[in-house]
Amino acid sequence: NDKTMIDIYRNNGDIHKSTALIVAGVTQAQFDAFLKEKQKELRQKAKAVNFGFLYGMGWRKFIAYAKTEYNVTFTEKEAQRIRVEFFRKYRSLSRWHEAMRSFAQRHKFVRSFSGRIRHLPMIDSPEDYIQQEAGRQAINSPVQEFGSSLGVMAQGRMNEEIDPDALQIVGFIHDAVVAYVKKEYVDWGMRTIKRYMETNPLEEWFGVRLQVPIIAEVGFGENLGEIHECEGFSLDKPFNYRSLVDKEGRPLIEVPRQKTPPNNGLLTRSPYTLPTDLEDEEAPVKKVRLRLIRAGVSAEVVRRVERSQK
């Protein structure tokens with residue numbers, strides 16, 4: 001219930017840019033005067049700060065976390081200064097941290113917003129470092145689990161409504177959906193995932209209304225190691241893909257003319273296997289099946305397979 005954070009989200013602000021002011025030790029006006037590349041660098045550092053300190057890390061562990069997870073470097077002096085200023089800006093977080101640790105000490109578990117329980121018996125460990133780690137998990141688990149649940153909800157809805165020929169979900173990392181789309185469907189694909197991630201019917205399903213909107217960030221690339229984040233990507237306006245350039249102004253990736261898949265990518269049939277999808281029990285099973293579900297193989301397909309094996 002931190003008022004500063006709530007105001008940022010309610011006013012369609014950028015929490016990472018807000019924290020970037022702490023990282024750089026500058027005012028908003030000074031930050032806005034930086035080159036875009038400098039702003040992007042500071043925002044990346046701010047991500048490590050937000051997630052590291054939100055989840056209850058001390059400054060020492062944070063330095064290693066920032067380097068490992070975000071490939072950004074902080075000195076000990078910087079990490080100590082930023083941690084102090086972070087909790088000074090977001091004043092209610094430290095009280096919430098203490099409340100979660102206290103709850104875990106009393107009940108030996110914590111519960112996420114979606115209702116899932118994380119048992120923490122090691123909160124009573126005689127070893128200080130084990131007890132402290134359980135305290136960090138008491139803070140970390142409810143936040144990360146709810147983010148993960150939002151992603152799982154979105155995936156379930158997409159599975160029932162989106163044609164896998166247009167957008168194929170292939171992975172889920174923490175709270176991030178990973179999907180394949182054709183290059184000409186990139187814009188549609190990102191808008192689709194962002195829309196589903198931001199519009200889970202929490203009030204309808206669980207009877208709860210959040211104080212802030214859910215904001216999903218999107219990016220794309222030819223592999224997970226080269227994802228290009230689309231900062232400022234919005235559902236209600238076009239995105240300028242030409243803005244994705246390196247320090248020398250060269251395009252980071254070629255984006256072809258964008259299209260929308262047939263029927264806006266929506267399924268025109270049931271997402272589930274129907275009785276008519278199943279093969280005859282007498283169908284030959286020695287040939288390679290060409291569908292993910294059990295399906296009959298026509299005589300023509302059998303002939304093609306046989307020719308390809310000669």
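Fair warning: this is a prediction, and the values are worked out from it, not measured in the lab.
- With hydrogens and angles ignored, the 3.5 Å screen pairs no side-chain donor or acceptor of Thr19 with any backbone N or O of His16.
- Remark: aromatic rings of Phe53 and Tyr90 are distant, center separation not under 6.0 Å.
- Note on Ile8 and Val212: same hydrophobic cluster, where clusters join Ile, Leu, Val, Met, Phe, Trp and Tyr whose side-chain heavy atoms are under 4.5 Å apart, directly or indirectly.
- Taking the six-membered ring for Trp and thresholds of 30 and 60 degrees, Phe103 and His107 have ring planes inclined between 30 and 60 degrees apart.
- Side chains of Gln132 and Asp128: a donor-acceptor N/O pair is absent below 3.5 angstrom, by distance only.
- In this pair, Tyr241 and Phe220 present their aromatic rings perpendicular. The plane angle is above 60°, beyond the 30 to 60° band.
- Tyr196 and Glu161 share a donor-acceptor pair across their side chains, judged by distance under 3.5 Å alone.
- Ile15 is not connected to Phe113 by any chain of hydrophobic side-chain contacts under 4.5 Å among Ile, Leu, Val, Met, Phe, Trp and Tyr, and they are in different clusters.
- A centroid separation of less than 6.0 Å is found between the aromatic rings of Tyr65 and Tyr70.
- One N or O on the side chain of Ser112 and one on the backbone of Arg116 form a donor-acceptor pair closer than 3.5 Å.
- Using the six-membered ring where Trp is involved, Phe62 and Phe74 have ring planes that are tilted, between 30° and 60° apart.
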Q) Between Glu98 and Ser102, is a side-chain hydrogen bond (donor to acceptor under 3.5 Å, both in side chains) present by the stated rule, with each step listed? A) CA-CA 6 Å; Glu98 193 52 45; Ser102 178; 5.8 Å; no

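- Classified by interplanar angle (parallel below 30°, tilted 30° to 60°, perpendicular above 60°), the ring pair Tyr185/Trp188 is perpendicular.
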